[in-house]
Amino acid sequence: EVQLVESAGGLVQAGGSLRLSCAASGFTFDDYAIGWFRQAPGKEREGVSCINNENGRTYYADSVKGRFTISSDNAKNTVYLQMNSVKPDDTAVYYCAADQSVVCGTYYYNVGPEIYWGQGTEVTVSS
């Protein structure tokens with residue numbers, strides 16, 4: 001059974017930092033792309049960042065580039081999203097996702113037909 005367990009989000013002040021983690025099990029971690037989507041109230045879901053565990057490539061949405069960093073600890077089957085210099089616009093429910101590695105490249109992050117989702121964790125950035 002595939003499981004993606006996200007760490008708790010929380011409330012953080014603008015300009016602050018927060019790290020999310022996603023612990024994965026039930027599939028071959030090294031063969032997958034792991035990433036984060038987010039959805040704010042009234043907005044469309046956005047692919048924030050992903051890491052392709054097959055080739056190491058990472059993707060960042062323009063909205064987070066230079067502020068967020070994704071990393072993967074293959075020994076722990078865990079992916080981290082370090083969020084720095086957060087803004088109120090970063091407020092959203094963040095979802096960890098695992099998918100075939102082809103969906104994640106340097107310039108794109110797509111939703112494939114076999115995507116697995118975490119339960120979501122809420123991040124609120126206060127101004």
Side-chain angles (χ1 to χ4, degrees):
E1 179 188 4
V2 173
Q3 285 193 318
L4 299 171
V5 180
E6 297 141 342
S7 59
L11 174 65
V12 60
Q13 284 191 329
S17 297
L18 186 67
R19 189 177 80 159
L20 302 179
S21 66
C22 175
S25 61
F27 59 94
T28 304
F29 188 79
D30 293 354
D31 293 343
Y32 274 68
I34 311 294
W36 297 88
F37 289 83
R38 68 184 181 186
Q39 188 158 24
K43 294 187 177 180
E44 291 188 356
R45 182 179 61 198
E46 175 186 24
V48 175
S49 179
C50 65
I51 184 163
N52 185 323
N53 282 331
E54 276 199 330
N55 58 29
R57 290 176 180 160
T58 57
Y59 163 85
Y60 297 96
D62 288 343
S63 56
V64 306
K65 204 169 289 183
R67 301 186 297 118
F68 290 11
T69 302
I70 194 167
S71 61
S72 181
D73 185 337
N74 290 35
K76 295 182 178 180
N77 283 9
T78 300
V79 168
Y80 303 95
L81 184 70
Q82 179 67 42
M83 306 165 59
N84 296 332
S85 302
V86 295
K87 305 174 181 179
D89 282 350
D90 295 322
T91 296
V93 177
Y94 285 72
Y95 297 90
C96 178
D99 207 335
Q100 296 177 347
S101 61
V102 294
V103 306
C104 176
T106 303
Y107 302 108
Y108 58 87
Y109 184 19
N110 299 319
V111 176
E114 298 182 7
I115 193 167
Y116 299 104
W117 296 98
Q119 78 277 11
T121 187
E122 191 164 357
V123 174
T124 303
V125 181
S126 63
S127 57

**Study point:** Closest non-hydrogen atom pair, Gln119 against Leu4
**Key:** OE1-O, 3.4 Å
Study note, to complete from the structure: What one should report as the nearest heavy-atom pair of Phe37 and Gly47 is CD2-CA, 3.4 Å
Exercise for review: Decide yes or no on side-chain hydrogen bond (donor to acceptor under 3.5 Å, both in side chains) for Asp30 and Thr28, but give the supporting numbers first.
Suggested key: CA-CA 6 Å; Asp30 293 354; Thr28 304; over 6 Å; no
**Study point:** Side chain Thr121, main chain Ser7, donor-acceptor under 3.5 Å
**Key:** yes
Point to revise | N/O donor-acceptor pair under 3.5 Å between Glu122 side chain and Gly9 backbone | key: no
Check your understanding: Taking Asn110 for the side chain and Gly112 for the main chain, is one N or O donor matched with an acceptor at less than 3.5 Å?
Key -> no
Point to revise | N/O donor-acceptor pair under 3.5 Å between Asp73 side chain and Thr78 backbone | key: no
Check your understanding: Is there a donor-acceptor contact under 3.5 Å from the side chain of Asp99 to the main chain of Ala33?
Key -> no
Practice item. Compare every heavy atom of Phe68 with every heavy atom of Val86, then report the nearest pair and how far apart it is. Key: CG1-CE1, 4.4 Å
Check your understanding: When you measure from the side chain of Gln82 to the backbone N and O of Arg19, does any donor-acceptor pair fall under 3.5 Å?
Key -> no
Exercise for review: Evaluate the criterion side chain to side chain contact (heavy atoms under 4.5 Å, CB included) for residue pair Leu81 and Ser49; output intermediate values, then yes/no.
Suggested key: CA-CA 8 Å; Leu81 184 70; Ser49 179; 4.1 Å; yes
Review point. Any ion pair linking Lys65 and Asp62 (charged N to carboxylate O, less than 4.0 Å)?
Key: yes
Practice item. State, with a plain yes or no, whether a side-chain heavy atom of Val64 is found less than 4.5 Å away from one of Arg38. Key: yes
Check your understanding: Given side chains that start at C-beta, do those of Asn77 and Ser25 come closer than 4.5 Å, heavy atoms only?
Key -> no
Point to revise | Transitive ILVMFWY side-chain link Val102 to Val111, under 4.5 Å | key: yes
Review point. In Å, rounded to the nearest 0.5 Å, how long is the span from CE of Met83 to OG1 of Thr69?
Key: 11.0 Å
Practice item. Please check if the side chain of Thr91 supplies one atom and the backbone of Val125 the other of a donor-acceptor pair under 3.5 Å. Key: yes
Exercise for review: May I ask you to decide if Ile70's main-chain N or O and Tyr60's side chain share a donor-acceptor pair within less than 3.5 Å?
Suggested key: yes
Exercise for review: Hey, could you give me the CG/CG distance between Asn74 and Asn53, rounded to the nearest 0.5 Å?
Suggested key: 5.0 Å
Check your understanding: When rounded to the nearest 0.5 angstrom, what distance separates SG in Cys22 from CD in Glu6?
Key -> 5.5 Å
Review point. Ignoring hydrogens and geometry, is there a side-chain-to-backbone donor-acceptor pair from Ser85 to Gly15 under 3.5 Å?
Key: no
Check your understanding: Above 12 or not: heavy atoms from other molecules or residues under 6.0 Å from CZ of Arg57?
Key -> no
Point to revise | ILVMFWY cluster, Ile34 and Val103 together (side-chain gap under 4.5 Å) | key: no
Point to revise | Ile51 with Val48, same ILVMFWY side-chain cluster at under 4.5 Å | key: yes
**Study point:** Over all atoms of both residues, closest heavy-atom pair of Arg45 and Gln39
**Key:** N-NE2, 3.8 Å
Review point. Does the side chain of Val123 reach to within under 4.5 Å of the side chain of Leu20, using non-hydrogen atoms?
Key: yes
Review point. How far does CD of Glu46 sit from CH2 of Trp36, to the nearest 0.5 angstrom?
Key: 14.5 Å
**Study point:** Val5 reachable from Trp117 in the ILVMFWY side-chain graph, under 4.5 Å edges
**Key:** no
Revision key, fill the gap. Rounded to the nearest 0.5 Å, the CD atom of Gln3 sits from the SG atom of Cys96 at a distance of 12.0 Å
Check your understanding: Would you say Leu11 and Leu18 are hydrophobically clustered, going by side-chain heavy atoms of ILVMFWY under 4.5 Å?
Key -> no
Check your understanding: How are the rings of Tyr116 and Phe27 set to each other: parallel, tilted or perpendicular (split at 30° and 60°)?
Key -> parallel
Revision key, fill the gap. When every non-hydrogen atom of Tyr59 is compared with those of Gly105, the smallest separation belongs to CB-O, 3.1 Å
Review point. What are the two closest heavy atoms between Val12 and Ser17, and how far apart are they?
Key: CG2-O, 3.7 Å
Review point. In Å and rounded to the nearest 0.5 Å, what is the OG to NZ distance from Ser127 to Lys87?
Key: 14.0 Å
